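Quick caveat: nothing in here was measured; it's all calculated off a predicted structure.
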Amino acid sequence: MALQLTTFDVADYLDSEEAIAEYLSQVMADGDDDEFLRALGHVAKARGMSQLAKDAGVGRESLYKALKPGATPGYATVGKVVRALGFRMAVEPATRQKAAAAAKKPAKPKTSVAVTAAKKAKSAAAGTERLKGTRARA
């Protein structure tokens with residue numbers, strides 16, 4: 001029996017405002033500019049490239065060029081496309097993302113060797129402080 005494969009096209013699954021918003025938000029959060037342009041291209045395909053170009057006020061060919069990987073469209077072009085899709089971009093502090101990522105990662109437990117070494121270092125430091133105090137009084 002031969003294995004049949006089908007072509008995966010993410011645009012087939014971008015069938016609601018919520019799905020599109022989540023998709024674009026996740027790709028943007030990753031921080032890869034080329035991937036974000038690719039994602040906008042998937043959304044444009046799902047919505048209809050010609051209609052989106054008309055709504056954004058850019059030519060269809062220009063839209064294809066702006067959304068291809070490796071392209072460097074201006075902020076104005078990206079903004080027009082995002083607004084034509086019915087969305088807006090927002091900015092938030094990156095520290096929230098770092099804090100959320102840190103909360104997801106479990107803390108590394110200290111090994112018994114590391115704990116023992118830390119206790120010895122602390123004990124040695126305390127002993128040194130006691131000796132310094134004794135010498136100062138003498």
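- Listed by first and then second residue, the salt bridge (charged side-chain N to carboxylate O under 4.0 Å, His left out) pairs that reach into residues 25-44 are E35-R38, sequence neighbours excluded.
- Applying the ring pair (Phe, Tyr, Trp, His ring centres under 6.0 Å) test to pairs two or more places apart or on separate chains, those with a residue in residues 10-32 are F8-Y13.
- Judged as a side chain to side chain contact (heavy atoms under 4.5 Å, CB included), and not counting sequence neighbours, T72 has no contacts.
- Among residue pairs with one or both ends in residues 46-61, those qualifying as salt bridge (charged side-chain N to carboxylate O under 4.0 Å, His left out) are E17-R47; sequence neighbours excluded.
- Looking at every heavy atom in both residues, A19 comes nearest to L14 through O-CD2, 4.1 Å.
- Judged as a salt bridge (charged side-chain N to carboxylate O under 4.0 Å, His left out), and not counting sequence neighbours, the contacts of D9 are K45.
- Here the shortest heavy-atom pairing between A66 and A71 reads O-CB, 3.5 Å.
- Residues A46 and A11 come closest through the heavy atom pair CB-O, 3.5 Å.
- The shortest distance between side-chain heavy atoms of L40 and L85 falls below 4.5 Å.
- Within the structure, the ring pair (Phe, Tyr, Trp, His ring centres under 6.0 Å) test picks out no pair touching residues 34-71 (sequence neighbours left out).
- Heavy atoms only, all atoms of each residue included: V78 and P73 are closest at CG2-CG, 3.9 Å.
- Taking both residues in full, the closest heavy atoms of A39 and L24 are given as CB-CD2, 3.9 Å, listed atom of the first, atom of the second, then distance.
- Nearest heavy-atom pair across G79 and M89 is CA-CE, 4.2 Å.
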